[in-house]
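Have a look at the structure below, then the notes.
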Amino acid sequence: MLLRAHDASERRLAWWLLAPSVALIVLVVIGPLLFALYLSFQDAEPTVGGISMRFVGLANYVHHLVQSDLFWMAVRVTVYFTLVSLGVELILGIAIALVLNERFWGRSVVRAMILLPWAVPTVVNARMWEWIFAGSKFGALNGLMKVLRVFPPTHDQVWLGFDVPFEAVPVLGSLFKWMGVTRALNMIIVADTWKVTPLVAFLVLAGLQTIPSSLYEAATVDGAGFWRKLTHITLPLLKPVLLVILVLRTMELFRVFDIIYIIMQYSIRVLGVLTYEVGMKFLHFGSGAALSFLVALFILGLALVYIRLFYTEDGY
Amino acid sequence: MRGRRKGRTVVWLRRAGVYLGVAVIVAWTLAPVTWLVISSVTPYNELISDRATHWFPRHPTLANFQVMFDLSSEVGERFVFAIRNSMIVASSVTAICLVAGSLAAYALARLRVRGKKALVLSLMSIRMLPTITLVIPFFVLVSYIDYGFMNIGSSFHLFDTKLVLVTLYTTFILGFVIWIMRGFFLTIPTELEEAARIDGCTRLQVLRHVVLPLSSPGLVATGILSFLLAWDEFLLALIFTRSNNAITLPLFIAELGSQYITAYDQISAAGVMAAIPPVLLALLFQRFIVQGLTSGSVKG
């Protein structure tokens with residue numbers, strides 16, 4: 001009896017502690033989310049003195065999935081951006097972590113310094129690289145290319161331009177061809193990677209430090225070289241960390257908006273930019289809401305795939 | 001003898017390789033920001049000269065920074081408001097998130113709550129939700145609310161206020177804060193709390209006198225992370241702010257320079273100033289942040 005009373009008071013306390021957060025989340029996330037779902041079945045647009053709504057059923061979804069090819073074009077651009085960025089971030093992140101895990105003079109200073117790009121705000125990062133990629137003689141990258149004699153002194157590359165329009169390129173066929181897609185998108189991948197890779201490297205470094213050095217010593221005794229140690233000890237033991245990075249980064253990359261919008265406005269339509277354009281530039285609230293749900297469903301699908309990976313690989 | 005020499009060569013080569021790698025990492029990390037800083041102290045006419053022959057300013061100047069604080073110029077006025085708004089919004093968000101978030105995190109880490117699993121899962125899924133999914137209903141709802149107040153003759157409005165930014169940012173960052181703090185609370189041994197309970201402390205006293213002091217590194221880490229996230233946010237500011245009343249630094253920097261004149265001297269100066277607070281925080285509290293990031297994402 002006493003125990004139950006104690007239990008009840010504990011429950012009450014728990015709810016008091018949770019109340020502010022839960023209230024905020026219900027008011028600002030769950031409520032609007034349901035409203036967005038409602039909007040996505042409407043033809044909703046602003047009119048003088050209010051918003052006009054007309055129920056259209058699934059028409060908005062059908063429009064994006066079937067009638068307009070803008071959605072699938074944006075899917076291709078987004079998938080390309082996500083896959084290439086993920087690949088570069090993971091490979092560079094692991095490489096940087098492996099170097100920083102070695103002993104060298106000034107290690108703690110270098111380790112601290114590498115957080116710097118991560119701390120630079122996205123907007124500053126976007127405009128900084130925009131200036132580096134300036135497609136004229138003022139551009140730092142063009143200047144560097146001339147100093148290194150890669151370009152002749154008269155050549156100025158337009159880095160943030162379009163060699164081949166994205167629509168003309170099937171994604172998988174060109175995935176690994178650097179010049180096969182718009183150069184601009186690849187340059188934005190460089191800029192985004194500069195900011196995010198240090199974070200990946202840090203998480204990998206934290207993972208590396210949990211690997212007991214005795215494993216490496218044993219492997220050395222057995223005559224294993226660098227590559228064998230990497231593929232047989234380091235990478236398998238890093239798997240939990242790498243999976244977490246994969247989940248977090250896929251989601252962030254898939255919903256990317258700011259860096260692309262700031263540098264290219266509407267010229268590169270990833271899903272985030274297309275949704276913003278439909279919903280907030282043309283003010284088709286219903287259509288935009290439907291589009292945003294399609295993006296959310298894509299991300300949810302990816303999350304489920306990853307969670308399955310987690311469950312089967314690690315058993316929790 | 002030969003074997004030993006060969007071994008020494010390998011060790012030497014390995015060391016050289018490590019230092020080469022470190023040099024490349026340092027150069028790659030520092031070069032872009034260095035260029036940003038150089039550009040910020042270069043006068044405009046030198047900035048638009050041929051880069052291949054001209055990297056460093058012959059007449060370095062702080063004029064680009066002075067413009068930002070010159071309240072009589074349009075740019076300066078907007079910048080001062082933007083930095084003030086960013087400070088107010090980011091610190092309010094941090095304070096609210098820390099208080100509400102750590103209380104909730106403690107409940108989720110230690111107390112028996114019905115539907116705890118569902119709560120934790122839904123917190124995680126909120127983090128996965130693209131901001132844009134919520135932006136459209138927010139926009140419609142905020143317009144409805146503002147219309148309502150206008151119709152009853154009140155001048156109260158949500159659009160273009162710091163209040164709406166703080167509310168939205170808080171909610172988006174809260175899930176993250178709860179997630180990390182829960183991780184920290186779980187690492188505190190329960191024996192300490194039980195001992196305090198036996199000594200007659202109530203749950204709240206245990207939280208105040210035992211748990212919070214022990215998790216202060218976690219509080220510092222989450223505080224800084226929420227500040228950085230709020231300082232960085234762009235999309236919501238783009239949609240919900242217009243005037244000096246609420247415009248934040250990211251929006252100011254994204255707007256700087258028109259289609260005709262790209263004022264990279266001013267953009268660089270504003271960029272340097274916008275980057276200083278988060279970079280300083282990250283460098284000073286590096287250890288806490290890494291601890292927070294790893295406990296939030298790796299252990300989570």
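Quick caveat: nothing in here was measured; it's all calculated off a predicted structure. Naming: A, B, ... by sequence-line order, numbering from 1 per chain.
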Which one of [options] has the most heavy-atom pairs closer than 4.5 Å to chain A?
{"options": "L168(B), L47(B), V24(B)", "answer": "L47(B)"}
{"options": "T53(B), V272(B), V140(B), V177(B)", "answer": "V140(B)"}
{"options": "L228(B), I276(B), I136(B), V135(B)", "answer": "I136(B)"}
{"options": "A270(B), P32(B), A31(B)", "answer": "P32(B)"}
{"options": "S39(B), A107(B), P137(B), A100(B)", "answer": "P137(B)"}

Do side-chain atoms of [X] reach the backbone of [Y] as a donor and acceptor pair under 3.5 angstrom?
{"X": "R127(A)", "Y": "A254(B)", "answer": "yes"}
{"X": "W35(B)", "Y": "W129(A)", "answer": "no"}
{"X": "R255(A)", "Y": "T131(B)", "answer": "no"}
{"X": "R203(B)", "Y": "L13(A)", "answer": "no"}

Under 4.5 Å from a heavy atom of chain A, the part of [X] involved:
{"X": "T170(B)", "result": "side chain"}
{"X": "L284(B)", "result": "neither"}
{"X": "I267(B)", "result": "side chain"}
{"X": "I178(B)", "result": "side chain"}
{"X": "I132(B)", "result": "both"}
{"X": "S49(B)", "result": "backbone"}
{"X": "R287(B)", "result": "neither"}
{"X": "L249(B)", "result": "neither"}
{"X": "I253(B)", "result": "both"}
{"X": "L129(B)", "result": "both"}
{"X": "L30(B)", "result": "side chain"}
{"X": "F172(B)", "result": "neither"}
{"X": "W55(B)", "result": "side chain"}

Top contributor to chain B interface from [options] [non-hydrogen pairs under 4.5 Å]:
{"options": "G288(A), P121(A), A19(A)", "result": "P121(A)"}
{"options": "M251(A), R111(A), K146(A), M128(A)", "result": "M128(A)"}
{"options": "A36(A), A95(A), A140(A), A134(A)", "result": "A140(A)"}
{"options": "V22(A), V28(A), I96(A)", "result": "V28(A)"}
{"options": "L33(A), I30(A), L302(A), V120(A)", "result": "L33(A)"}
{"options": "A14(A), G279(A), P20(A)", "result": "A14(A)"}

By a 4.5 Å heavy-atom criterion (distance strictly below it), what part of [X] contacts chain B: side chain, backbone, both, or neither?
{"X": "V110(A)", "result": "side chain"}
{"X": "I299(A)", "result": "side chain"}
{"X": "K195(A)", "result": "side chain"}
{"X": "E252(A)", "result": "neither"}
{"X": "M280(A)", "result": "side chain"}
{"X": "F257(A)", "result": "side chain"}
{"X": "R103(A)", "result": "backbone"}
{"X": "I245(A)", "result": "neither"}

Flag side-chain contact, heavy atom, 4.5 Å: [X] against [Y]:
{"X": "L36(B)", "Y": "W131(A)", "result": "no"}
{"X": "T167(B)", "Y": "L24(A)", "result": "yes"}
{"X": "W194(A)", "Y": "V33(B)", "result": "yes"}
{"X": "Y261(A)", "Y": "F234(B)", "result": "yes"}
{"X": "T122(A)", "Y": "P250(B)", "result": "no"}
{"X": "L251(B)", "Y": "V123(A)", "result": "no"}
{"X": "L204(B)", "Y": "W16(A)", "result": "no"}
{"X": "I239(B)", "Y": "Y276(A)", "result": "yes"}

Taking atom [atom1] of [X] and atom [atom2] of [Y], what is their separation to the nearest 0.5 Å?
{"X": "K137(A)", "Y": "D50(B)", "atom1": "NZ", "atom2": "CG", "value": "6.0 Å"}
{"X": "T133(B)", "Y": "L37(A)", "atom1": "OG1", "atom2": "CG", "value": "11.5 Å"}
{"X": "I262(A)", "Y": "L238(B)", "atom1": "CD1", "atom2": "CG", "value": "8.5 Å"}
{"X": "L283(B)", "Y": "I114(A)", "atom1": "CG", "atom2": "CD1", "value": "12.0 Å"}
{"X": "T193(A)", "Y": "W28(B)", "atom1": "OG1", "atom2": "CH2", "value": "7.5 Å"}

Decide side chain to side chain contact (heavy atoms under 4.5 Å, CB included) for Y147(B) and I51(A); before the verdict, give the C-alpha distance in whole Å, the side-chain angles of both, and the deciding distance to 0.1 Å. CA-CA 11 Å; Y147(B) 269 128; I51(A) 291 153; 5.5 Å; no
Of the non-hydrogen atoms in P32(A) and L134(B), which two are nearest, and what is the gap between them?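 Nearest pair, atom of P32(A) first, then L134(B): CB-CD2, 4.0 Å.
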Intermediate values then yes/no, side chain to side chain contact (heavy atoms under 4.5 Å, CB included), N142(A) and R51(B): CA-CA 8 Å; N142(A) 276 339; R51(B) 202 54 58 216; over 6 Å; no
